[in-house]
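The model shown is predicted, which means the values in this text are computed figures rather than measured ones. Chain identifiers are assigned alphabetically (A, B, ...) following the order of the sequence lines, protein sequences preceding nucleic acid strands; residue numbering begins at 1 within each chain.
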There are 2 protein chains.
Amino acid sequence: MQSQDLQHFIDHGHQVYLPHVSIDCAVFGFHENELKILLLKWKHLNGWSLPGGYILRTEHADVAAHRLLKQRTGLDQVFLQQYHTFSGPGRNKIQDSSRAIETNYHVVIPEDNWLKERVVSIGYYALVEYSKVTNPQPDALTETCAWCDIHELPTLLFDHQEMISEALKALRAQLIHHPVGLNLLPKEFTMLELQRLYETILDTTLDRANFRKKLLGLKILKKTGERPSGKAHKTPHLYSFDKRQYAKALKNGISFS
Amino acid sequence: MQSQDLQHFIDHGHQVYLPHVSIDCAVFGFHENELKILLLKWKHLNGWSLPGGYILRTEHADVAAHRLLKQRTGLDQVFLQQYHTFSGPGRNKIQDSSRAIETNYHVVIPEDNWLKERVVSIGYYALVEYSKVTNPQPDALTETCAWCDIHELPTLLFDHQEMISEALKALRAQLIHHPVGLNLLPKEFTMLELQRLYETILDTTLDRANFRKKLLGLKILKKTGERPSGKAHKTPHLYSFDKRQYAKALKNGISFS
DNA sequence: TCAAAAGTGTTCAATGTACACCCATGC
DNA sequence: GCATGGGTGTACATTGAACACTTTTGA
């Protein structure tokens, strides 16, 4: 960001963005049998945070979340779900993040500036295909945007540790009533890969035979006909999601106990 | 509200309250086998709304919701659940409600006043015991606060029709995984009353014998020993909730299919 | 031919569903 | 007695969980 743009953002940002409200997104991906989450390493603070930002004055929060994710991942059409709004008055994001701006740009933000006021944050979680996020982009105040293993999280800033826990809870609850996978897996996948995804999210192990029967019973999968060859052992079938049936299952709900 | 208080609220309310964020509560009660919701009839607008209000600058949204409900119902310790945040930029609450202030108090609110800016609203639903809300209080801009049957809703202002639909959806989802009733029924009740509550919320009919078995199987009920006499036919047992077991069930979840 | 992974089948228990039957009470 | 609602039992279907068996492939 240029310094004159920055000054404009500090002085007039509240005319463009809705003050006191922000968005934070927990972006989940699946890679090598591990659930990953997209995090940003801050430049002048000792820790990482979820990607987030402000809502435009005339913008729906859902649209803002999509816009912000597009900036970080380059992806459109991401599966996004609002799950909770965090309103603790003690959330010290404001102080910390405006301090980061001051340090980074060598400016002083007045105490009564909109960037130093309390913010309520709307939490979203997103499910994306890991391999499609090849080059996640940090923003002006962060130096790195990277996937982190959900079991090996770095130091998190603000209340983002809680945000991630709650997002995981919401994702697990969602998994029981709605199919998950279309957004996390590549177009074609094996039954075992799908099972590993479920096992990872639910943090448990599942019976291979029963998982197969249950998923096929949902009628949301179709065989692609192709089989990956060249590998050792019996080659598994490849499946893809039947988009029509998947959408129906999303709408009406399923039961994955 | 006195006119000088009002002028202070218009001019300086943004220093006390967090602007751009509000709270709306869908308060549910159960009476005569019908699910009721608490609504406010506005003075200068043709319609009703949910009770709501602003969050204090230093206040958690959950606390604000409790405070607002106490003002309307007189009740403390209400069961409250955040369920969704409504952020449509087209929510015309702002225009309408500030217009109501202008009409009611014969004042003019400047166009750039905080009361005319866009508001994002955090939606809560509450479950209360109908009989404990004996005299619900309207606020300064409303003339009536009353219970309305969920199946016979009056004209609703703003986006509150959607808020109620979503609150009902959330309540139904909650019902499947967590016990509901402690907050909606009187201390002692019959099995049939409990069944009617479930039937009303889920909008279905349930088998009497199976409902009984399932609920007793949850181990959250205990017989009070007493039986209401004087009525016709066989007198039913009275039950109450086992608070300890109920709390455990709330925390760990149950399965009511 | 053997190990490893995929695919299928079978058994048993738990749960859900439908419904029948008896019991208690006031008229 | 009998209508009405409360309380209980049973039979059957559906589902879930555990696990054994067969098939296919590459080494």
Item to check | Nucleotide D:dT8, atom C1' - distance to CZ of B:Phe211 in whole Å | outcome: 17 Å
Checklist outcome for this item: Note: for B:Leu216 and A:His233 on DNA chain D, the residue whose nearest nucleotide lies more 5' is B:Leu216
Item to check | Spacing between A:Glu193 atom CD and C:dA5 atom C1', to the nearest angstrom | outcome: 13 Å
Item to check | Under 4.0 angstrom between A:His237 side-chain N/O and C:dA6 OP1 or OP2 | outcome: no
Next on the checklist: For a quick test of reading the model, state the closest non-hydrogen atom pair linking B:Leu127 to B:Val78 and the distance between them.
Outcome noted: O-CG1, 4.1 Å
Checklist entry - Can you tell me how far C1' of C:dC22 sits from NZ of B:Lys234, to the nearest Å? => result 8 Å
Next on the checklist: Looking at B:Tyr246 and B:Lys219, would you say the former's side chain and the latter's main chain have a donor-acceptor pair under 3.5 Å?
Outcome noted: no
Item to check | Atom-pair distance (CG on A:Asn210; P on C:dC12), nearest Å | outcome: 16 Å
Checklist entry - Do the ring planes of B:Phe211 and B:Tyr198 sit parallel (below 30°), tilted (30 to 60°) or perpendicular (above 60°)? => result perpendicular
Next on the checklist: In this structure, how many angstroms lie between the P atom of C:dA4 and the CG atom of A:Leu192, rounded?
Outcome noted: 15 Å
Next on the checklist: Using heavy-atom distances to pick each residue's nearest nucleotide on DNA chain C, tell me which of B:Asp207 and A:Asp207 is more 5'.
Outcome noted: A:Asp207
Checklist entry - Relative to the ring of B:Phe241, is the ring of B:Phe189 parallel (under 30°), tilted (30 to 60°) or perpendicular (over 60°)? => result tilted
Item to check | Side-chain donor/acceptor contact of A:Lys213 with base of D:dT14 under 3.5 Å | outcome: no
Checklist entry - Looking at C:dG7, does its base get a donor-acceptor pair with the side chain of A:Arg212 below 3.5 Å? => result no
Checklist entry - Atom CG of A:Leu194 and atom P of C:dA6: how far apart are they, to the nearest Å? => result 13 Å
Item to check | Among D:dG16, C:dG7, D:dT8, the one nearest A:Pro236 by side-chain distance | outcome: C:dG7
Item to check | B:Arg208 CZ - D:dT4 P separation (whole Å) | outcome: 14 Å
Next on the checklist: Do B:Lys214 and B:Phe256 form a cation-pi contact, if we require the NZ or CZ to be under 6.0 Å from the six-membered ring centre and within 45 degrees of the ring's axis?
Outcome noted: yes
Checklist outcome for this item: Separation of C:dT8 atom C1' from A:Leu215 atom CG, nearest Å, is 16 Å
